[in-house]
Visitor: 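Okay, here's the structure, questions in a sec.
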2 protein chains.
Amino acid sequence: MVTTTGRAHVALRESILRGDLAPGAHLGEVELAERLGVSRTPVREALSRLAAEGLVEVLPHRGARVSSFSPDDLDGIFDVRLALEPRATARAALRATAEDLDALDDLARRMLEIGAPGPDQDLDAIVPLNRDFHARLLAVADAPALSAALANVVHTPIVLRTFHAYDPASLARSLAHHGEMVAALRAGDADWASAVMRSHIGNARAVMVRNR
Amino acid sequence: MVTTTGRAHVALRESILRGDLAPGAHLGEVELAERLGVSRTPVREALSRLAAEGLVEVLPHRGARVSSFSPDDLDGIFDVRLALEPRATARAALRATAEDLDALDDLARRMLEIGAPGPDQDLDAIVPLNRDFHARLLAVADAPALSAALANVVHTPIVLRTFHAYDPASLARSLAHHGEMVAALRAGDADWASAVMRSHIGNARAVMVRNR
DNA sequence: GCACCCTACGTTGCGTACAACGCTCCGGGA
DNA sequence: TCCCGGAGCGTTGTACGCAACGTAGGGTGC
């Protein structure tokens, strides 16, 4: 049986990631409990976990609210990504199995399809695919400490809702990077792979910074 | 007023850091609650937070236990430190105030004193000083995301109880590094500072790996 | 003799009630 | 008119009780 706390946790996280709960919004325990149909106890536990992930901040006796990030915060997050993700990608290049490569290839291809300019473009649908891609890459790297360090900082939400912010050229670059990364992994070239990841993050940072 | 949960949190963390609660030890909620003189509720909250920090692991319906780390885990942790701490040190070199430098200098000097071979050597007393030194360095770097990423992974505990594992030469090097780091910061030389930090971590890694 | 099931116990998960804290609004004084 | 103090309200923090899950032990059937 999956615990009620666990369900509350993922439900709240999804709400935040989706943007239903805006940054800075106050999170009343009773309100959330009623909305989820549970008591306050699992809600408190879930908020606790989300606080650990950095998605919400709790102030003693004053409740919780969705975290918001200043431009400086964002810049710092990109610094951490830049320090860790290329390293993970390099490791992944040495460890990826054929199955891993196919899965990543599939994700990259689908993102390219639905991200292409035209009537079928669906920027929102890219979000989960992109998340899966980076998550899978981390899993392949098989570096738990590194994944943990990233997970607690690189709150996908911020990155996630910004595909709308990409101009066409940046978006095309970003989607192309995924494909190139798979190629580098397939070649087992750690240097190439990590360089592509650095480009990928640099491109994203430019988009984020420009928009603030 | 500081909350009961907060006190339970720090009390348990200290117990783990001090080694009173050995890695792998099962943590019963009622037992902890009785020992701390509180109810199970704040204990559960505290365990939740400790789990987020990576100090304990909770298994649904099966309770919590103190995390233990395999040699591979340790290696991964050093990888993360190597990716992040030199970067933080470089930033610190550009931002340290005279006050910061004096504080760090003082810490480095005291560690050197009590770490010197002889009757006054006190390896246990180095631990908190070392923790303060690295914490202060992170604070000076003023990179919240970077600090958060490290905090959630580099559970000082592991590093902390290992000064006894240092052979004399490695210990001397480690203590000298602190002083050299201060010198590099004072010179405002980011490259130098980060290089010393890389050496510092490499030295520590060698000690840890050799002892396993 | 071995494997499986079933029962009983101890634990954790959740709900609810009460206590304590913080905020807001109102009133009094300077 | 502005500032300070206090009471009321809504919130969060903690305790406790019950229910559900996991585990270990003994018993039964093959």
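To find a chain, count down the sequence lines: A is the first, B the second, and so on, and within it residues start at 1. Computed from a prediction, not measured in an experiment: that's the story for all the values here.
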Visitor: Using atom CD of A/Glu45 as one end and atom C1' of D/dT14 as the other, report the distance to the nearest whole Å.
Guide: 14 Å
Visitor: By nearest heavy atom, map A/Val38 and B/His26 onto DNA chain C; which one lands nearer the 5' end?
Guide: B/His26
Visitor: With respect to the side chain of B/Pro42, which nucleotide from C/dG13, D/dT12, D/dA15 is positioned closest?
Guide: D/dA15
Visitor: Does the side chain of A/Leu138 come within less than 4.5 Å of A/His134's, by heavy atoms?
Guide: no
Visitor: Find the distance A/Leu36:CG to C/dC14:C1' and express it as a whole number of Å.
Guide: 14 Å
Visitor: D/dG13, D/dA15, C/dG13: which one has an atom nearest the side-chain heavy atoms of B/Thr3?
Guide: D/dG13
Visitor: Write down the distance between CG (A/Leu59) and C1' (C/dC21), rounded to a whole number of angstrom.
Guide: 14 Å
Visitor: Measure from CD on B/Glu29 to P on D/dC21 and round the result to the nearest Å.
Guide: 17 Å
Visitor: Taking all non-hydrogen atoms of both residues, which atom of A/Ala108 and which atom of A/Val182 are closest, and how far apart?
Guide: CB-CG2, 4.4 Å
Visitor: Report the nucleotide, chosen from D/dG22, D/dA15, D/dG13, that has the shortest atom-to-atom distance to any side-chain atom of A/His61.
Guide: D/dG13
Visitor: Taking for each residue the nucleotide of DNA chain C with the nearest heavy atom, is it B/Thr41 or B/Leu27 whose nucleotide lies nearer the 5' end?
Guide: B/Leu27
Visitor: What is the nucleic acid contact for B/Leu47, judged by heavy atoms within less than 4.0 Å: base, sugar-phosphate only, or nothing?
Guide: nothing
Visitor: Are the side chains of A/Arg173 and A/Tyr166 in touch, meaning some heavy atoms are under 4.5 Å apart?
Guide: no
Visitor: At less than 4.0 Å, is any side-chain N or O atom of B/Arg62 found next to OP1 or OP2 of D/dT23? Yes or no.
Guide: yes
Visitor: Can you tell which of C/dC14, D/dC21, D/dA15 lies closest to the side chain of B/Arg40?
Guide: C/dC14
Visitor: Looking at B/Arg44, does any N or O in its side chain come under 4.0 Å of the phosphate oxygens OP1/OP2 on C/dT12?
Guide: no
Visitor: Give a yes or no on whether A/Arg109 atom CZ has more than 12 heavy-atom contacts from other residues, nucleotides or ligands under 6.0 Å away.
Guide: no
Visitor: What's the closest nucleotide to the A/Ser39 side chain, out of C/dG22, C/dG15, D/dT14?
Guide: C/dG15
Visitor: From CZ of A/Arg49 over to P of C/dG13, roughly how many Å is that when rounded to an integer?
Guide: 8 Å
Visitor: To the nearest Å, how far apart are A/Arg65 CZ and D/dT12 P?
Guide: 14 Å
Visitor: Testing B/Arg81, B/His178, B/Glu85 one by one against B/His200 for a side chain to side chain donor-acceptor pair (under 3.5 Å), which residue passes?
Guide: B/His178
Visitor: Under 4.0 Å: is that the gap between some side-chain N or O of A/Thr4 and OP1 or OP2 of C/dC14?
Guide: yes
